[in-house]
Structures are given as structure tokens and as C-alpha cells.
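Every number for a ligand or one of its atoms is a count from 1 in the order of the listing.
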Amino acid sequence: MSNVAHGALDILVVGGGAREHALAWAVRRSPRCSQLYVAPGNDATPGTRVDIAADNIEALTAFAIDHAIGLVIVGPEIALAAGLADELALGGIPVFGPTRAAAELEWSKSFTRRIAAELNLASPAWATFDSHADIDAALGWWRALGDKIVVKQAGLAGGKGVVVPLDDVSCEATIRSFFTTGAVVLEQRLRGPECSLLAFCDGTTARPLPFAQDHKRLSEGDTGPNTGGMGAYAPAPVPYDVDALTAQFIQPVVDHMRSIGRPFVGMLYAGLMLTADGPKLLEFNCRFGDPEAQVLIPLISNDFVELIVSCCDGTLAETPIVMRNATAIGVVIAARNYPSSGVPLGVAGVPPAANDRQLLFRGSPAGREYTAVGIAPTLHEARAAAYELAAAVAPAHARYRRDIGWRAHGAMLSSYAAAGVDIDEGTRAVDQLKTSVEKTHTSSVLGGIGAFGGTFDLTEIMGMQQPVLVASTDGVGTKVELAARAGRYDVPGQDIVNHCINDVLVQGARPLFFLDYFASSSIRAEQVAAVVNGMSIACAASGCVLLGGETAEMPGVYMPGAFDVAGTLVGVVERARLLPLSTITPGDVLLGLGSSGPHTNGYSLLRKLFDWLPLDARPEPLDCTIGEALLVPHRSYLNALWGALGDHGLIKGLAHITGGGLLDNVPRILPSNCDASITLGSWPMPALFQLVTEVATGLPIDELYRTLNMGIGMVIVVDAERVAELQAAIADPTWIIGSIVEGTKRVQLT
Ligand code: GLY
């Protein structure tokens with residue numbers, strides 16, 4: 001420990017990778033930095049570059065003394081293991097980074113394992129073997145363990161000294177090959193996510209940063225060989241308290257190192273694995289992680305130099321660490337064949353202009369060349385910012401993982417509800433809709449809500465001669481978007497039931513029961529209840545049972561706030577009364593029944609036409625708002641027509657004007673030798689359709705009549721002789737809109 005001078009300092013950052021770029025970036029921002037030097041730095045690091053390698057201890061010390069450096073911050077372990085901190089201390093220069101003796105925590109894995117055992121730090125089973133002569137003992141230890149292991153070189157290996165063998169053959173081969181480099185540590189292979197716990201240390205006190213997580217494997221899904229780290233994010237959603245794990249894994253080591261005369265000053269980094277049996281120590285590092293530094297340092301709110309100085313001065317206990325309320329994700333952009341010795345990437349794309357949510361740190365040529373960091377209030381936003389930057393700067397042949405942070409996404413989910421599916425809300429929805437559903441039930445309904453299938457007793461149709469079931473399935477279409485926007489959830493409920501009723505009615509059938517399907521991005525009980533209430537109103541008005549349904553919560557499939565409504569209706573008709581009759585012939589008359597609005601068709605066009613109009617606007621000639629006009633429920637024609645249908649033959653055919661309008665729906669009931677001749681202007685055009693005609697000036701008339709019902713929702717074919725009789729049998733207004741003529745099953749608009 002050494003006292004750092006007050007006031008502004010000349011500072012030297014040692015190292016040349018992206019981690020040191022992040023350190024230099026943070027130092028440069030501090031008012032306590034006067035002159036910044038980086039040795040050797042790289043072409044993007046701020047400060048004056050000094051051409052001395054990080055492990056050239058003598059030259060670095062001489063430079064620091066010659067230039068009266070007030071503080072040295074050491075990035076790479078190699079410099080610490082070589083004793084840079086010791087030499088600088090001898091020269092009276094304050095240094096952030098442990099002495100060689102304290103750094104043994106990193107440069108000797110056997111030392112670490114012994115300390116961990118002494119301090120009872122939860123660890124995997126392990127054994128160290130000093131020399132080639134111990135190969136048989138090592139193989140024997142592994143076989144006796146009877147589990148998968150991790151093979152580690154005991155000394156520093158620049159991130160390449162850890163192998164996780166996939167099978168027994170490669171395990172034995174790795175053990176044998178590692179003995180050629182010196183001592184070997186074998187550890188039981190643990191399972192679970194890893195996390196990086198980094199703490200500033202002043203020899204006595206340890207103050208942690210938030211948990212970070214590093215993706216060490218080369219390839220997506222955390223597969224492939226170990227690397228120095230392909231990306232990191234912080235704070236990582238780790239289900240442990242950072243102070244508790246610091247007390248468990250870091251502080252005892254800091255205390256111990258002081259007690260054995262090797263006080264630890266610098267960054268102590270515990271690599272932990274979060275196993276089912278709790279966190280276990282994988283390793284210690286005695287410096288910032290790379291790429292953890294690139295995501296942790298930008299999140300620190302403190303004056304970075306002040307914080308470092310408090311470690312060197314032994315005053316860390318009085319210096320709380322303040323973090324930004326943000327998340328950072330760093331994506332490492334590596335050379336094409338990294339981690340093999342690679343070909344440099346060459347010139348990167350131009351990074352976006354400096355902004356406060358993206359940072360690009362330059363790393364080592366031909367290795368991990370850049371770290372693109374995104375910083376934002378949420379992990380999702382940070383990820384988007386990081387990848388936007390990575391895409392902007394990475395040359396086409398660069399290698400970077402597209403999944404950095406993927407484990408965090410899963411770790412943040414604490415329940416199915418957190419995935420966007422709220423089972424409790426679904427249950428509440430069922431409770432709320434129960435009453436309105438049961439209102440439609442008759443004695444034909446067996447069983448209640450919640451059964452796997454609806455059961456309907458057909459005794460009531462036993463008296464029929466030849467009952468034919470008529471079934472129809474449909475959806476409301478994009479009208480649901482308007483309904484969601486206007487909060488008119490009952491409308492699509494009525495729409496779907498009436499739509500299906502009309503579809504079976506045109507075949508002469510009356511409805512028996514209806515089954516609904518409701519899907520949304522997120523279930524809200526009140527919303528579902530309102531939709532189902534709309535269905536229940538329509539069912540009750542037509543003597544139809546609401547027999548069952550399905551409510552689906554589908555976040556990520558439906559846009560937030562969006563929902564969809566569909567359903568199936570089953571009706572019944574005497575076979576002899578099925579419509580249309582085969583007697584439709586030229587000379588028959590077409591009667592039209594008014595629609596209540598666009599019903600459920602043409603809404604993709606309508607929403608575009610009125611896109612810029614607020615729903616509460618009242619353009620002429622409407623006598624209501626545009627929202628109200630567009631959201632009138634689909635009309636049911638059952639009650640209007642049922643009486644007339646009782647007089648068999650009076651109605652020869654019915655066409656429900658749905659998608660395809662008059663032009664496509666009327667031909668569905670025509671014999672092959674007939675056309676329908678429809679006279680435009682023969683019915684009063686509702687105000688909404690007048691407005692549509694005024695606005696959609698570019699749309700050909702045929703297109704309009706093929707998209708919208710234009711005021712006619714049901715067309716009836718009647719014998720010319722019986723028009724008056726039929727009109728008298730229908731209480732609602734009807735208009736003669738045309739006739740059947742000879743032709744080929746088409747509509748002629750005249
Ligand atoms: N990211 C791992 C390390 O720095 O050792």
C-alpha cells in the first residue's frame with residue numbers, strides 16, 4: 001500500500017487490449033488525471049502510447065520513475081506475475097495491482113486450491129500434480145473420481161490453460177499433453193451457470209462490483225473451445241446477494257493474504273459456478289476480467305481514479321461504490337479463425353458518432369479485436385445497442401457470437417407469468433366469464449365450464465325428420481385491432497357469433513351452439529370477460545348456446561395489447577329445407593337487407609383509409625364518431641328472417657355479404673346459368689359508406705363492392721310474384737336491389 005499524491009496525477013495504464021482501453025477510457029474521464037500514458041496501448045486507446053510491452057518490468061518501472069508517474073494501473077496478469085507491482089513499489093510509485101506474491105492467487109492454481117481448502121471456500125473436488133512423473137497418479141485420481149473433470153495448467157496460460165474434455169479419450173490425451181507444460185490441476189467438472197464476482201481491494205477491505213457473466217466458449221449456446229471470453233454482461237441476474245458471496249469467497253482471502261504478509265491491493269476476481277449445491281469457486285484472477293471490464297467499468301458512477309486511489313491508499317472502506325442504474329452487454333468481435341493464431345480483421349466499419357449508449361473498445365489485433373458495448377436501462381435495450389454497434393463495425397469475415405446474454409434472459413424469469421403467461425389471470429378470466437356463458441345454457445347442455453369438451457344433448461332435435469348439422473368457423477379479422485384501440489371488447493364478441501349465425505342461416509339452419517377462441521398477447525380478465533360477454537349477448541339473442549371456448553395467452557406472437565377472436569358455430573336444418581333452393585331462375589328478384597356497418601369485412605382497407613383520423617373525429621356525413629361507425633357490431637339476420645323461412649319456398653336463397661362483398665358472395669348461391677344484376681343506388685347508402693366513397697377516390701367501384709358490403713348485409717332471392725308477401729313477412733326494411741338474369745354465376749353492377 002502506498003499513499004497517492006493529492007491533486008491531478010500523471011497516470012500509466014499497462015496493457016494493450018480492450019480491457020486496458022476501458023481502463024484508459026475511464027481514467028481519461030476523471031478530473032484527477034493530468035497526463036495519461038498507455039504501455040503499449042493500441043491504436044484506439046486514449047492517452048500517449050509508450051512502446052513498452054506489458055511484461056517488460058524493468059523498462060516500465062524506469063519509465064514510471066523517469067516520468068514521475070503518480071499512479072500505475074495494471075491490466076494483464078502477466079505483468080503482475082512478473083512482479084511489476086513490486087518493482088514499482090520499490091521505486092515509490094503507487095500501483096493498482098497486487099504484488100507477485102499476492103498475485104500467486106492467479107498464477108498458481110495449486111496455491112489457490114490450497115488456500116481455498118484452508119479457508120473452506122466451497123470448491124469442486126481437486127488434486128494437483130507437480131510433474132510428468134505424476135501422470136499415472138493423475139489418471140488414477142480421475143478414474144477414482146468417476147466423474148467428468150476439468151484439466152488445468154497450474155500456471156498462467158493466457159486463457160488457453162483450461163480444457164473441458166468431452167469424452168474419456170480426449171480427457172486422457174489432455175492430461176498427458178498438459179504435463180508437458182508443467183504442473184497440472186484436475187478438478188471435478190461442475191454444472192451450472194458461471195458468474196464473475198469482481199471486488200476492489202485495498203489490502204483490508206473488499207468492495208464488490210455487481211455480478212457479471214462472461215461467455216468463455218467460442219460458439220453460440222456456450223459450445224466449442226474455451227477462449228479468453230466472447231462477451232459479457234452486467235449486472236448479471238444471479239440469484240445470490242453480491243455482498244454475501246463477497247463475504248463468503250473474497251473477504252476471507254483478503255484477510256488471509258494480509259495475515260500471511262501478502263496484502264492484496266487491486267482487483268480480486270472470483271470465478272464462481274452456481275451449482276445446484278450452491279456457488280463453488282472455480283478460480284481467482286488478480287485483475288479485471290476481459291471482457292468483464294468493458295461492461296463493468298462504464299457502469300461505475302464514481303470518479304474512477306478516486307476509486308483506484310482509495311485502493312492504493314487503503315481508504316476503500318470510506319469509499320462507497322456507486323453504480324449507474326443501467327445494464328451493459330459487451331460483444332467481442334474476433335478475427336475469423338480466433339482462437340487459433342489469426343489473421344487481423346483489418347479496417348472495421350466506422351463506429352457511430354460518440355453516444356452515451358454505445359462504446360467500442362479496441363482489443364488485440366488478430367485476436368479479440370473489439371468489444372462492442374451497449375449500455376441501457378434494460379438488458380434488452382443494452383443488447384440491441386451492442387449488436388447494432390457490432391453490426392456497424394464488424395467486417396463481414398469477423399467472428400462474433402449472436403447470443404451474448406442469452407442465459408440472463410432465462411435467469412430473469414422467476415415464473416411462467418414472467419414469460420408473459422399469467423395462469424392466475426387466466427383463472428380469474430374464467431371466473432368472470434362464467435356467469436355470462438351460463439346465461440346462454442339450456443337443458444341441452446350437459447356438464448359445465450372447465451370440461452375438456454362441451455356436451456350437447458340432441459334430444460330436442462329428435463323430432464326432426466332428417467336433421468342436417470351445418471357448421472361454420474370464422475374470425476373477426478383486423479376489426480379486432482380497432483376494437484382493442486377503442487377498448488370496445490364486447491364488439492368482436494358479438495361480431496363473431498352473428499357472423500357465424502348468418503353463415504349457417506343462409507343454408508336455412510338455426511344455431512344450436514357456439515365455441516369461441518380468444519387469443520391475446522397478455523390475458524386481462526376484464527378484457528376476456530367483456531369479449532365473452534359480447535358473445536353471450538349475441539348467443540342469447542339468437543337462442544344459441546355458448547358451449548365452450550379456449551383462451552390463449554401468446555406473448556411474442558401477438559403484439560402487445562393485441563388480441564384475436566374466432567369461433568365455430570353448429571346449427572341444424574331439416575334436409576328438405578336446406579338453402580339455396582334449386583329453383584332459383586332468371587326473373588327472380590333480389591331483396592337487400594341493410595347491414596349495421598362494415599360488419600367484419602374490409603377492415604384492413606378501412607383502417608388505412610382512416611388511419612390519420614382520431615377515433616373520436618366526426619367527419620361529415622357521419623352522425624357519430626368514426627370509431628363508433630366502424631365499431632357497430634355485426635348484425636344477425638336470424639330474427640328478421642326466421643319467420644319468413646318458416647314458409648318453405650318463400651325464400652329461395654340467401655347470401656350473407658361477407659369478405660368479397662356483393663360481387664363474390666351473391667354468386668355462391670346462383671345456379672350456373674344465372675347472373676345477379678344489381679342496381680347501384682337502389683338502396684340508401686349508409687353515411688359511413690358515403691364517406692368511404694368520398695375518401696377512397698382511387699379505388700375502382702368494383703374493388704369497393706368486392707371489399708365492403710356497402711350497406712347490404714344479406715341478399716334474398718325471391719320469386720317475383722312473392723316479393724310483396726316476403727317484404728310483409730320481414731319486419732325490417734328491405735329494398736329491391738336487382739334481379740336474377742341469365743348468365744354465368746356472376747354479378748353485374750348496373
Ligand atoms: N473473462 C475471463 C478472464 O478475464 O479471465
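For ligand 1 and Gly228, the ligand atoms under 4.0 Å from any heavy atom of the residue are 1 (N), 2 (C). Of all atoms in ligand 1, numbered sequentially from 1 with element shown, those under 4.0 Å from a heavy atom of Asn285 are 5 (O). Of all atoms in ligand 1, numbered sequentially from 1 with element shown, those under 4.0 Å from a heavy atom of Gly289 are 4 (O).
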Inset, instruction - Test salt bridge (Lys or Arg N to Asp or Glu O under 4.0 Å) on Arg176 and Glu172 and set out the steps. - result: CA-CA 6 Å; Arg176 289 185 184 282; Glu172 179 167 345; 3.0 Å; yes
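The aromatic rings of His21 and Phe361 sit perpendicular to each other, their planes meeting at more than 60°, with 30° as the lower class boundary. Taking the six-membered ring for Trp and thresholds of 30 and 60 degrees, Phe288 and Phe96 have ring planes inclined between 30 and 60 degrees apart.
Comparing Glu194, Arg287, Glu106, Gln213 by heavy-atom distance to atom 5 (O) of ligand 1, the nearest is Arg287.
Checking only distances, Arg19 never comes within under 3.5 Å of ligand 1, N or O to N or O. Between Glu292 and ligand 1, at least one N/O pair is under 3.5 Å apart.
More than 12 heavy atoms of other residues, nucleotides or ligands sit less than 6.0 Å from atom CZ of Arg262.
Under a 4.0 angstrom heavy-atom cut-off, Phe288 registers as lying outside contact with ligand 1. Residue contact annotation: Gly229 has no non-hydrogen atom under 4.0 Å from ligand 1. Ligand 1 has no atom lying under 4.0 Å from any heavy atom of Ala232.
Residues satisfying the side-chain hydrogen bond (donor to acceptor under 3.5 Å, both in side chains) criterion with Arg19, sequence neighbours excluded, are absent altogether.
Note on Asp222 versus Lys216: no salt bridge recorded, every NZ/NE/NH1/NH2 to OD/OE distance being 4.0 Å or above.
Under the 6.0 Å cut-off for aromatic ring centres, Phe63 and Tyr37 qualify, their centroids lying closer than that.
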